[in-house]
Amino acid sequence: MMQGDQYRLPIELKYADGNFVTLEEVKDMEVFVGTTRKMLSKDEIEFDPLENVFYVSLLQKETFMMRGDVSVQARVLFLSGDVVGVDLGKLNVAQSTSKEVLQ
């Protein structure tokens with residue numbers, strides 16, 4: 001990823017048995033990409049039921065603030081009341097020469 005990128009980051013969540021976590025099981029979810037926080041309840045995270053993938057929308061101005069290795073973590077509030085966190089690894093964010101938001 002490069003600073004200034006704007007796209008939907010795919011996140012696939014699975015249980016230990018390999019089954020996918022689906023939107024029907026989730027009350028809310030937060031995802032941190034570095035220090036940028038996105039919430040399902042604020043419509044900042046979408047779910048594609050055909051792919052069983054959650055998508056976190058990142059904006060140009062948000063990725064301009066990222067550099068180097070950036071941690072990605074999620075915390076899921078299930079309808080059961082359980083809250084489970086998961087470390088999704090790191091993204092390497094390359095420095096961009098440009099610092100302009102394209103419109």
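The residues of the chain are indexed from 1 along the displayed sequence.
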Practice item. Test side chain to side chain contact (heavy atoms under 4.5 Å, CB included) on T63 and V93 and set out the steps. Key: CA-CA 8 Å; T63 64; V93 182; 5.6 Å; no
Is the shortest heavy-atom distance from the side chain of V21 to the side chain of V26 under 4.5 Å?
yes
Tightest non-hydrogen contact, residues E46 and S57, listed as OE2-OG, 4.2 Å
Under a 4.5 Å cut-off applied to non-hydrogen side-chain atoms, are L58 and M1 in contact? yes
message = Hydrophobic cluster membership, with links at side-chain heavy-atom distances under 4.5 Å among I/L/V/M/F/W/Y: are L91 and V56 in one?
response = yes
- Same apolar cluster (I L V M F W Y, side chains within < 4.5 Å links), V72/M39: no
So T36 and M66, do their side chains get closer than 4.5 Å, heavy atoms only? yes
Note to self: Within the structure provided, determine whether E30 and K42 are in side-chain contact (heavy-atom separation under 4.5 Å).
What the structure shows: no
| Is there a path of hydrophobic side-chain contacts, each under 4.5 Å between heavy atoms of I, L, V, M, F, W or Y residues, that connects L23 with M29? | yes
Quick one: do L13 and F54 satisfy side chain to side chain contact (heavy atoms under 4.5 Å, CB included)? Show the steps, please. CA-CA 8 Å; L13 299 176; F54 291 89; 4.1 Å; yes
dist M65:CE -> T35:OG1 (nearest 0.5 Å) comes out at 6.0 Å
Is the shortest side-chain heavy-atom distance between I11 and L88 below 4.5 Å? yes
Single-linkage hydrophobic cluster, 4.5 Å side-chain cutoff, V84 and V86 together:
yes
- prompt: Does any donor atom in the side chain of E44 or Y55 lie under 3.5 Å from an acceptor atom in the other side chain?
  reply: no
_Between D5 and Q60, is there a side-chain heavy-atom distance shorter than 4.5 Å?_
no
Open item on the list: If we ignore hydrogens and angles and just use 3.5 Å, is the side chain of D28 paired with the main-chain N or O of S41 as donor and acceptor?
Closed with: yes
Checklist entry - Do the side chains of L40 and F47 get nearer than 4.5 Å, heavy atoms only? => result no
**Study point:** Close side-chain approach of F78 to V76, heavy-atom, < 4.5 Å
**Key:** yes
Of Q6, K99, M2, the one forming a side chain to side chain contact (heavy atoms under 4.5 Å, CB included) with F64 is K99
Derivation and outcome, side chain to side chain contact (heavy atoms under 4.5 Å, CB included), residues R67 and Q95: CA-CA 6 Å; R67 63 180 48 119; Q95 187 172 356; 5.8 Å; no
Practice problem: Scan side-chain atoms only and decide if E24 and T22 contain a donor-acceptor pair under the 3.5 Å cut-off. | Solution: yes
